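The structure presented is a predicted model; accordingly, all values stated were derived computationally and were not measured.
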Amino acid sequence: MTFETVLKTDLKNELDTLCVQYETADFIKDDPVQFVHLFKNRHDIEIAGFIAALFAFGKREVFIKKLFTLFNLMEMKPFDFISNYKSGEDLGEFNYRFIKPYDLNAFLCALKKLYTVDKMTLEELFSNGYSVSKTVSGALQFVCDYFYADEKNSPGYKFMLSNPLNKGAMKRMNMFLRWMIRKNSLVDIGVWDFLDASELLIPLDVHVGNISRGMGILKRNQNDYKAVIELTSKLKEFDPNDPVKYDFALFGYGVNLSKKETP
């Protein structure tokens, strides 16, 4: 066994240990994944998950509180709310940071069109995108193109629904797919079947990027799409069937480390 193999084996063991430590049911209560666990109906689950993922930026305690406000406005019935949504009439002045009322209104109108006019679900939309490209990035572009079909160009809308053409990390979209695809997880719900967990991409954020670089498994400095591919490829060396399970190890460890360093 070479020195490099020993190092790789030790690092895999360390990451696997961290996965066991952080991928627990206790993880759910402080994470936006909690919103997919609030519902039983598949339409409610995917709509709630999609909205929760898109709002998952900024301070966690703030956006989670905002999401509870939003779902309470929907009377905890996301699918019924979307199906009967009246443009500009149901949410008043609800907003969150860059996402203004007109951004959210445009997004909800697009969701209503998906379910009531085009007679598709979010699962079918993502699946159709994947069937065309056979790649996760292609599926994300397909979904983005659908939601941009009416030329919605406001800054808040573009921030909420990042365009893969900009070569960003697409962290929130990849996190949403992790929730919906991974099965046999204490955290992820795994109700979609069109994609295998082996093809998922790591949800890359500051914590995951910094910890990955510290461990020597990510060389690229920018947290962009190239870094996502580089890190996911490296994690596949440790588990080719479920590389994004290490999101729990890297993110959990990074957040915990940040708490310890806060004065």
Has [X] got a side-chain atom pairing as donor or acceptor with [Y]'s backbone, closer than 3.5 angstrom?
{"X": "Asp224", "Y": "Ala227", "value": "yes"}
{"X": "Ser131", "Y": "Asn128", "value": "yes"}
{"X": "Asp239", "Y": "Asn241", "value": "yes"}
{"X": "Glu23", "Y": "Val20", "value": "no"}
{"X": "Lys167", "Y": "Tyr225", "value": "no"}
{"X": "Asn84", "Y": "Ile82", "value": "no"}
{"X": "Lys100", "Y": "Phe94", "value": "no"}

List in chain and number order the residues that pass side chain to side chain donor-acceptor pair (under 3.5 Å) with Asp118, two or more places apart in sequence or in another chain; answer none if no residue qualifies. Lys113, Tyr146
Roughly how far, to the nearest 0.5 Å, is [atom2] of [Y] from [atom1] of [X]?
{"X": "Arg220", "Y": "Glu230", "atom1": "CZ", "atom2": "CD", "value": "8.0 Å"}
{"X": "Asp247", "Y": "Cys19", "atom1": "CG", "atom2": "SG", "value": "9.0 Å"}
{"X": "Leu15", "Y": "Lys234", "atom1": "CG", "atom2": "NZ", "value": "10.5 Å"}
{"X": "Asn13", "Y": "Leu18", "atom1": "CG", "atom2": "CG", "value": "11.0 Å"}
{"X": "Phe251", "Y": "Met175", "atom1": "CZ", "atom2": "CE", "value": "8.5 Å"}
{"X": "Cys144", "Y": "Leu165", "atom1": "SG", "atom2": "CG", "value": "7.0 Å"}

Any chance NZ of Lys77 has more than 12 other-residue heavy atoms, nucleotides or ligands included, within less than 6.0 Å? no
Please check if atom CD in Glu75 has more than 12 non-hydrogen atoms from other residues, nucleotides or ligands closer than 6.0 Å. no
Step by step, would you call Arg213 with Asn223 a side-chain contact (heavy atoms from CB on, under 4.5 Å)? CA-CA 11 Å; Arg213 292 182 188 96; Asn223 290 329; 2.7 Å; yes
is_close_aromatic(Phe159, Phe98), centroid dist under 6.0 Å: yes
Just checking, Lys65 and Tyr96: is the charged tip under 6.0 Å from the six-membered ring centre and within 45° of the axis? no
Test of understanding: with ring-ring contact (aromatic ring centres under 6.0 Å, His included), list the residues that count as partners of Tyr115, not counting sequence neighbours. His43, Phe79
Once you measure the plane-to-plane angle for [X] and [Y], does it fall in the parallel (<30°), tilted (30-60°) or perpendicular (>60°) bin?
{"X": "Phe50", "Y": "Phe126", "answer": "perpendicular"}
{"X": "Phe27", "Y": "Phe248", "answer": "perpendicular"}
{"X": "Phe35", "Y": "Phe71", "answer": "tilted"}

Do the side-chain N and O atoms of [X] and [Y] include a donor-acceptor pair separated by under 3.5 angstrom?
{"X": "Gln21", "Y": "Tyr253", "result": "no"}
{"X": "Gln141", "Y": "Asp145", "result": "yes"}
{"X": "Tyr246", "Y": "Asp16", "result": "yes"}

Indicate the atoms forming the closest heavy-atom contact of [X] with [Y], along with that distance.
{"X": "Phe39", "Y": "Pro78", "answer": "CE2-CD, 3.5 Å"}
{"X": "Ala139", "Y": "Ser133", "answer": "N-OG, 3.5 Å"}
{"X": "Ile28", "Y": "Gln34", "answer": "O-CB, 3.4 Å"}
{"X": "Met160", "Y": "Arg172", "answer": "O-NH1, 3.5 Å"}

Sidechain N-carboxylate O distance under 4.0 Å for [X], [Y]:
{"X": "Glu123", "Y": "Arg42", "answer": "yes"}
{"X": "Lys158", "Y": "Asp103", "answer": "no"}
{"X": "Arg60", "Y": "Asp31", "answer": "yes"}

Step by step, would you call Tyr130 with Val143 a side-chain contact (heavy atoms from CB on, under 4.5 Å)? CA-CA 10 Å; Tyr130 180 76; Val143 171; over 6 Å; no
Given side chains that start at C-beta, do those of [X] and [Y] come closer than 4.5 Å, heavy atoms only?
{"X": "Pro164", "Y": "Ser137", "answer": "no"}
{"X": "Leu161", "Y": "Met173", "answer": "yes"}
{"X": "Ser233", "Y": "Ile229", "answer": "yes"}
{"X": "Leu200", "Y": "Pro243", "answer": "no"}
{"X": "Asp44", "Y": "Phe81", "answer": "no"}
{"X": "Leu122", "Y": "Leu111", "answer": "yes"}
{"X": "Glu14", "Y": "Met215", "answer": "yes"}
{"X": "Lys112", "Y": "Ser83", "answer": "no"}

In one Ile/Leu/Val/Met/Phe/Trp/Tyr side-chain cluster, 4.5 Å: [X], [Y]:
{"X": "Ile189", "Y": "Leu186", "answer": "no"}
{"X": "Val206", "Y": "Ile217", "answer": "no"}
{"X": "Tyr102", "Y": "Leu91", "answer": "no"}

Run Val244 and Asn174 through side-chain contact (heavy atoms from CB on, under 4.5 Å) and show every step you take. CA-CA 10 Å; Val244 301; Asn174 285 319; over 6 Å; no
I need the full list of side-chain hydrogen bond (donor to acceptor under 3.5 Å, both in side chains) pairs touching residues 186-197, with sequence neighbours left out, sorted by first then second residue. Glu46-Trp192, Arg178-Asp188, Arg182-Asp188, Lys183-Asp193, Asp196-Ser198
Checking Leu54 against Ile51 for the side-chain contact (heavy atoms from CB on, under 4.5 Å) test, could you report, in this order, the C-alpha distance in whole Å, the side-chain angles of both residues, the deciding distance, and whether it holds? CA-CA 5 Å; Leu54 296 181; Ile51 293 172; 6.0 Å; no
